[in-house]
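Protein chains get the first letters and strands the later ones, always in sequence-line order, with residue 1 at the start of each.
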Amino acid sequence: MTEKIVKVENLKLNIGRKKILDNTSLELQKGESVVIAGRNGSGKTTFLKCLANVIFPDEGSIKFSGEVPLEKIGYISDQLSLFENYTVKQGINFHASVFHIEDFDYSLIKELNLDLNQKIKNLSAGERTLFHLSLILAQKPEILLIDEIIHVIDPYLREKFLEAVIDLMDRCQTTVVMVNHTFSEIEKIPERVLVMEKGQFILDEKSETLGEKLKKVVSETEMSEEVPCIFKRELSYFREYFVYPFNEQLRKKFPHDYKNTGLNEIIKAFIGGQYVKKGNQ
Amino acid sequence: MLKKEINDVLKQIVFFTAAVLLLPALLIITKIIPHQSYFSVFFPLFQFGLIFLAFFMGSSLFSLEHGQRGMEYLLSLPYSRLKLIGFKILPRLIAVMIFFVAFWILYNTGGEYLVAFPFAAFAAIYFFLFFISLSLSANSENFLVLFVASFFSLFICYGLLFLILWLVMLIKGIPFSPLFLRYLFTWEHASYLPALILLVGSVFLLPFLISFVLSFKKFDIRPAKVYNKRYFKYFTPMLTLGFIISFLFVYWSTGTGYRQYYLTQDHKLIESRSYSGIKIYEDNKVHKVEGDFYFWLPFLEDNEYLYERSYNNIIRLNTADYAAELLYEAPSERDITWQFWKYDQTIAFLERTEKREINRKRYFSDNQLVLIDEALKEVTRIPLEYQLLEKSYAPTLIGTDKIDGERFWLICTGKYRKNQILRIWKDGRIENIGESHKAPSYVNQMLISYTEEEIIISKERKGQFEIIRKIPNSKGFQFGIGYLRKNLNNVPLKELYGWRRGPKSPKYARLSLENFEIEEFGETKGYLQFFYPDKYYLVETAHVASAVKVYEFKEGKIKLLRTFSDFDTTEIRNRFRLCKGGVVIREGKKVKVYAFPDLKEIKFKKL
């Protein structure tokens, strides 16, 4: 997992006067699985679309390792974009011809009991998601980009979806980048967590170490500004502070009740709370 | 990917083809357009339909993807943007070409007179609209917006072309004619203009196409205004550059138009330029003739007057007071023939309405002999209701005379070796006088006609033409001033000159009108020119000789007047013109003038 597969440097993208990506940088390793969380409008989907070649940034660069052709990037958009007037069969044939797929795996199609002559626009959201995934899986992508689609599918299909993704990661060392709000839906997958705010990654940690580095403090009073707080949330009678990066020396210097917190709570609090700029840390 | 695009295009054109074939039938059956043949309804509908198809093919590059929410999927496919538009443009371009070829075939097999507007104009609009709408296809998803933008852009291109032409003419001092505006849309006449417009128009097309290609390299699913901003960042300077290049090209290639020269018998040089009007050079002076007139070649010179046909008008130029006036303007639907005659104070010509049948044969209806009295400024029309005149391309007036104060005219019409001679009276009566094997003449109040072996001399007696003489003509000479003569005044002549074919070159002879003897006197190649009343010149053309030579026929002899050995006949832009006053040579921009009687060179300082 030490081989770099994607290097993103200083992406900038504006739409009108609004900054969507602001000097966004990232490196991904081969076989890595990453989840990107953040508020609506923070730039997550736009970032993913840049990786998928659907949007061009105004500045910056995206470099894939020399061995990754465009055919090996699989992208499932939040719009589940396909040629809707095609039938399932026509969609498969088209995708196979473009991506040079010789043996198409119909297992997911069969599990869904999809009629091959049915038009794609007549599929339900869940069926469409799995169908789209089956197209992408057939490509055997080296990079899989998934944009906020988990929530539209029922728990059974969700499990099928995730199993397929994990299987792909095991078989093909596929790098997976997912954009999602709810960590609990996908907790089996991501090894790395990124949180995006106003076009920048404000948090980039391995999921197994995130719990050690990010702690929650509940306090009725203001906390010292010397404590590195990444975001805070004000509730009716108290405040929640999320301290990052935490170390044991902080416990000694600023004796508060530093609690472990799960990723779900972190992300929920972040979305509902106030991001404190890193300059304060 | 290409297969997908081909399938998409095929589906689109099937609907179009069905509509364009069925709609005319529907309109006829339901009597919305009654009493018309299928093809007379089909062709104009097909033409307009094709224009819409051209727009649709260009603008619908991404319409299917937008319509089925497949744009992101399309952009995520493993193709560069340029390859993507290549896949999309190719089948559409082929479809547009196939339909154009189909239209061209139908146009040339009977559709020419059924279409709504001329072929060249249609072709320009068709392709310009296709490429403009194609280049704007990524600027908006809205079909109506694209429709308005494409047609508006087309009109902007035409408007810019018009502006350039107007500016160039303003700078060069060329009078602007509303005809140019018509040419811009119909592309008829003025043969240089379509090529100019096509070239210049293509320069305007390039900003659209180049901007599209450059902008599309970074096309993505961001709002259209992001793409449009990039598009216009390329488009604006390129359109400006295109305008400048077009302007410079039009300025360079627009000369001051065609130049024609004519030397009068009193050695005044008439210069006529298609844009600048007429000037008269004499000695050290030049006089500008007022008015927007243009001479090609005067059909008649009579003392100080020159007469010329200009389109469907007759112009008279007075070389004494340097003024021109419009003598006659034909009604728009009428056509005046290329031949004119004059006798006394009257200009005579034939006027008719040209018709075309579906098999492309021409015929002429409502034939009239039109007489313009110059002094009274009156126009008299004599109807010529005679079947032979309906199919005759160039009937010739060979003479006019009076019997007991009543005037008649003699017209020759018909085919080679079977000329019919008709006598026309003022009340419209037409008499068939007889046939002539060769072109007849009316000289010294005698009708000279031909059989295969003889020349027949007839004279008018008691309402009939009676043969007074038959001259053996076994060699087949033709004293054919009938076609050369424009002044029909009955001035007595002593002789006529004619020719016959020879094994190597034509042979010339003189016919004495006193003793009716034919005297053969020479052999040479060239063309004969006659200037009323008694001047005959022969111009020996250089394709049979190393130089151009001019001879005069006089008293039964050929006299060489001058050899123009320096004149380069291989240069197609050079012109050699024999006029009543002498010879005018034009080589490139140089003009040289040689005056009768001996064709010595004369100079005009202001030329």
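With rounding to the nearest 0.5 angstrom, the CD1 atom of Ile76(A) is 11.5 Å from the OH atom of Tyr73(B). Annotation: the span from Glu65(B) atom CD to Phe83(A) atom CZ amounts to 5.0 Å, rounded to 0.5 Å. Taking CE of Met71(B) as the start and OG of Ser77(A) as the end, the distance is 13.0 Å to the nearest 0.5 Å. Put simply, CD1 on Ile15(A) and CZ on Arg222(B) are 6.0 Å apart, with the number rounded to the nearest 0.5 Å. In this structure, Gln90(A) CD and Lys4(B) NZ are separated by 11.0 Å, a value rounded to the nearest 0.5 Å.
Taking 4.5 Å as the limit, every side-chain heavy atom of Phe94(A) sits out of range of all side-chain heavy atoms of Lys3(B). A heavy-atom distance below 4.5 Å is not found between the side chains of Lys49(A) and Leu75(B).
Tyr75(A) and Ser76(B) make their closest contact through CD2-CB, 4.1 Å (heavy atoms, listed as atom of the first residue, atom of the second, distance). Of all non-hydrogen atoms in Ser81(A) and Arg69(B), the two that sit nearest each other are OG-O, 2.8 Å. Residues Tyr79(B) and Leu70(A) approach most closely at N-CD1, 4.5 Å, considering heavy atoms.
Evaluated for a side-chain contact (heavy atoms from CB on, under 4.5 Å) with Glu72(B), the options Leu82(A), Asp147(A), Asp78(A) yield exactly one hit, Asp78(A).
A salt bridge does not link Asp58(A) with Lys218(B): every distance from a Lys NZ or Arg NE/NH1/NH2 to an Asp or Glu carboxylate oxygen is 4.0 Å or more.
When each of Ile55(A), Asn53(A), Ile73(A), Val98(A) is checked for heavy-atom pairs under 4.5 Å with chain B, Ile55(A) comes out on top. Contact count versus chain A (heavy atoms, under 4.5 Å) is highest, among Leu77(B), Asp220(B), Val226(B), Leu74(B), for Asp220(B).
Contact of Phe99(A) with chain B is made through the side chain alone, with heavy-atom distances under 4.5 Å.
Counted within 6.0 Å of CG on Asp103(A), heavy atoms from surrounding residues, nucleotides or ligands total 12 or fewer; the atom is thus considered open. At most 12 non-hydrogen atoms from other residues, nucleotides or ligands lie less than 6.0 angstrom from CZ of Phe152(B).
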